[in-house]
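Counting starts at 1 for both ligands and their atoms, in listed order. Fair warning: this is a prediction, and the values are worked out from it, not measured in the lab.
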Amino acid sequence: MRADAGIILYMQATLTILGSGTSMGVPTLGCECRVCTSTDPRDRRSRPSVAIHWDDHCVLIDTGPDFRAQALREKIRHIDAVFYTHSHADHILGLDDLRPLSFHHPNGHIPLYADNASAQIIERVFDYTFSEETKYPTRARVKMHRLEGHESVEVHGMRFQRVPLIHGNIEVAGFRFGNVAYLTDMNRIPDTSLPLLQGLDIVIIDALRKTPHPSHANVEEALEWIKRIQPRRALFTHISHELLQAEMDEELPPHIRLAYDGLRIPFEIEA
Ligand SMILES: [Zn+2]
Ligand SMILES: [Zn+2]
């Protein structure tokens with residue numbers, strides 16, 4: 001909505017890093033490396049997810065196995081919608097903990113958005129939530145919607161643009177909202193997705209570790225993608241126990257940092 005005098009109205013929003021860790025989390029079970037035993041709270045990384053808050057609204061991207069603890073930590077009491085990047089365990093296993101929040105949702109259910117391939121797996125893993133025959137009485141009241149390709153959805157004035165990404169040998173979803181993009185679990189951005197990533201203030205991008213990985217960008221690759229996308233700032237996520245926060249603060253250019261759990265990033269979107 002634009003005011004008559006041509007003044008652009010902005011809406012204040014906040015992106016919260018619920019989790020910045022890789023699928024195994026940091027500390028990693030059974031490991032006593034310098035990062036897993038670090039006393040810097042920023043080196044404790046729960047499974048990857050973000051929350052976007054504006055007005056009284058809250059949207060999540062993914063609900064990993066640490067979702068319940070993340071929601072308690074960030075005092076999340078209401079969820080308007082959840083977008084899923086893909087169906088790997090570290091991104092979906094917290095879905096069942098949407099239950100108490102879903103019982104009080106004004107629509108009677110929380111809308112979920114995923115591409116068909118991910119939705120099919122989520123519906124199978126949480127069969128008792130979605131199956132018509134076995135509707136468990138205290139199941140999560142959620143409704144799955146398919147979101148494919150370059151489709152986008154508006155939630156209470158905030159548009160969420162799906163951005164196709166490549167994660168090893170599967171397509172996953174990144175999301176853009178305002179001038180912020182969340183690109184977890186990727187090692188390649190298709191050429192056709194690059195126009196969706198122009199003019200970004202902030203990109204949150206997969207940077208697993210320094211050594212190469214078949215389905216995640218490492219630090220070097222993430223830096224190359226950042227150079228191509230040219231955001232004003234970038235934050236790394238999906239971080240393993242190979243990267244120490246304090247050391248990376250020294251190594252990275254000033255506009256690029258590792259994300260950490262609980263980090264809040266204010267941003268504005270055109271209202
Ligand atoms: Zn992952
Ligand atoms: Zn370790």
- prompt: Between Phe126 and Val142, is any pair of side-chain heavy atoms under 4.5 Å apart?
  reply: no
task: Could you tell me whether the side chain of Leu60 reaches within less than 4.5 Å of the side chain of Phe67, counting heavy atoms only?
output: yes
- request: Can you spot which of Glu251, Glu221, Glu247 makes a salt bridge (charged side-chain N to carboxylate O under 4.0 Å, His left out) with Lys210?
  value: Glu251
query: When the ring planes of His109 and His145 are compared, do they come out parallel, tilted or perpendicular, using 30° and 60° as the limits?
result: tilted
message: What's the separation between atom CG in Asp43 and atom CG in Asp40, rounded to the nearest 0.5 Å?
response: 4.5 Å
message: Under 2.8 Å from the Zn ion (ligand 2), which protein N, O or S atoms do you find? Ignore water molecules.
response: Cys31 SG, Cys33 SG, Cys36 SG, His241 ND1
- prompt: Could Arg257 and Asp249 be called an ion pair, given the rule that one side-chain N must be under 4.0 Å from one carboxylate O?
  reply: yes
- request: Identify whether the distance between the nearest side-chain nitrogen and carboxylate oxygen of Glu74 and Arg264 falls below 4.0 Å.
  value: yes
field: Heavy-atom donor-acceptor pair, Gln230 side chain to Lys227 backbone, under 3.5 Å
entry: yes
- prompt: Do the side chain of Arg99 and the main chain of Thr138 share a donor and acceptor less than 3.5 angstrom apart?
  reply: yes
- request: Under 2.8 Å from the Zn ion (ligand 1), which protein N, O or S atoms are there? Could you list them by chain and number?
  value: Asp90 OD2, His91 NE2, Asp185 OD2, His238 NE2
